[in-house]
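To keep things clear, I will list the structure first and then write my remarks on it.
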Number of protein chains: 2
Amino acid sequence: MKHIDTVYPKKPSPCNCLNVRRASRAVTDFYDTVLKPSGLTVAQLSLLLNLKAAEPATIGGLAAVTRIDRTTMNRNLKPLADAGLLTVSPGGDSRTRQVALTDAGREAAAKGKVLWREAQAALKEYLGEEDLARLTALLAKLEALAP
Amino acid sequence: MKHIDTVYPKKPSPCNCLNVRRASRAVTDFYDTVLKPSGLTVAQLSLLLNLKAAEPATIGGLAAVTRIDRTTMNRNLKPLADAGLLTVSPGGDSRTRQVALTDAGREAAAKGKVLWREAQAALKEYLGEEDLARLTALLAKLEALAP
DNA sequence: GCGATTAACGTGTATATGCACATTATCTGC
DNA sequence: GCAGATAATGTGCATATACACGTTAATCGC
């Protein structure tokens, strides 16, 4: 039997949603591959960098700046805490938790950022500056679809 | 304390990857909301419709046409099989499995498609035909990033 | 036709995502 | 200052995603 790609050739999907989802997977894969040596996924690096900028932050606060669901953020913190890159401790307000980077976390974020810049540059080269700007504008508009 | 959105106002992310990921979540959420009455997510509806077009298909074949990882497809079939919308049975080749729609699956897909058309139309209206075409082209190029 | 290769699939593990519901603590109006 | 509203978090459940590894069966080279 021939290779499966020759039997099922790629063709554009009529569904705009699937197109965005597939692009998201592809771009995520691309960034994750570039970031691989850092041991971080692009989602994790983003979390660390956002934390660095917002530190010390609450879980809800981090969720808000990253625009990720609060409960998702809650769980996404776990592997990073387990890896010793951040700490989650009781906040001043007894309802809140304080999330803070560790030294290891700061270091990992710095190393990741170097690789991230490579990925950014590669994507810019790939799309061209103009198309990248158009894409960014369109994505922003799409994001506004969500309430 | 003020509402959290006033403390952490939205601002564009410098990371192209995150922008795509967020847009993906937003558009998925939008489609899923429209599809809600059908009881299907956009990913599930897509699976059913692709299956309808490719029936009878193997798991790998379905994965290829939908451009989803084979093992992901394997697991995504489970809830739909549990809901009685499709069946997974041994294929002619003893290595393969045959995936087929049930009558309930065909019906669910048809109902879902009506709602899906609404979502498609709404998005087209929201972005405008021209921008939608631009977006589609850009997303296709992004998807080509993945090997 | 036999051994090596390849194809198709399943599963363990891990991350990511978000809804519904519950808990606890602060705050607000009176 | 107490009752009700609100805020911040945690958890159960379900889906989606994919890598690494293992299994089984067909295929290919000779």
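Every chain is numbered from 1 and lettered A, B, ... according to where its sequence line falls, protein lines coming before strand lines.
For C:dT26, one of the phosphate oxygens OP1 or OP2 lies less than 4.0 angstrom from a side-chain nitrogen or oxygen of A:Ser94. A close approach under 4.0 Å does not occur between any side-chain nitrogen or oxygen of B:Arg95 and OP1 or OP2 of D:dT23.
If you measure from atom CZ of B:Arg97 to atom P of D:dT23, you get 18 Å, rounded to the nearest angstrom. For the pair A:Ile59 CD1 and C:dT23 P, the computed distance is 19 Å after rounding to whole Å. Summarising the geometry, the separation between CG on B:Asp82 and P on D:dC13 is reported as 16 Å, rounded to the nearest angstrom.
When all heavy atoms of B:Leu49 and B:Lys113 are compared, the pair lying nearest together is CD2-CD, 4.2 Å. Taking all atoms of both residues into account, the shortest heavy-atom contact from A:Leu77 to A:Val88 is CD1-CG2, 4.2 Å. What you find for A:Ala63 and A:Arg70 is that their closest heavy atoms are CB-CA, 3.7 Å. Scanning both residues, A:Ala23 and B:Val20, for their nearest heavy atoms gives C-CG1, 4.0 Å.
Contacts between residues 69-79 of chain B and DNA chain C, counted as heavy-atom distances below 4.0 Å, involve B:Arg70, B:Thr71, B:Asn74, B:Arg75. Annotation: proximity of residues 26-45 of chain A to DNA chain C (heavy atom, distance under 4.0 Å) is found for A:Thr41, A:Ala43, A:Gln44, numbered in ascending order.
In this structure, the side chain of B:Arg106 does not engage the main chain of B:Lys52 through any donor-acceptor pair within 3.5 Å. The main-chain N or O of B:Leu138 is never found under 3.5 Å from a side-chain atom of A:Arg134 such that the two would form a donor-acceptor pair.
Mapping A:Arg21 and A:Thr96 onto DNA chain D by nearest heavy atom places A:Thr96 at the nucleotide closer to the 5' end.
Nearest nucleotide to the B:Arg25 side chain, out of D:dT9, C:dT17, D:dA16: C:dT17.
In this structure, B:Leu85 and B:Leu40 have side chains that are in contact, with non-hydrogen atoms separated by less than 4.5 Å.
For the atom pair B:Asn16 CG and A:Phe30 CZ, the distance stands at 10.0 Å (nearest 0.5 Å).
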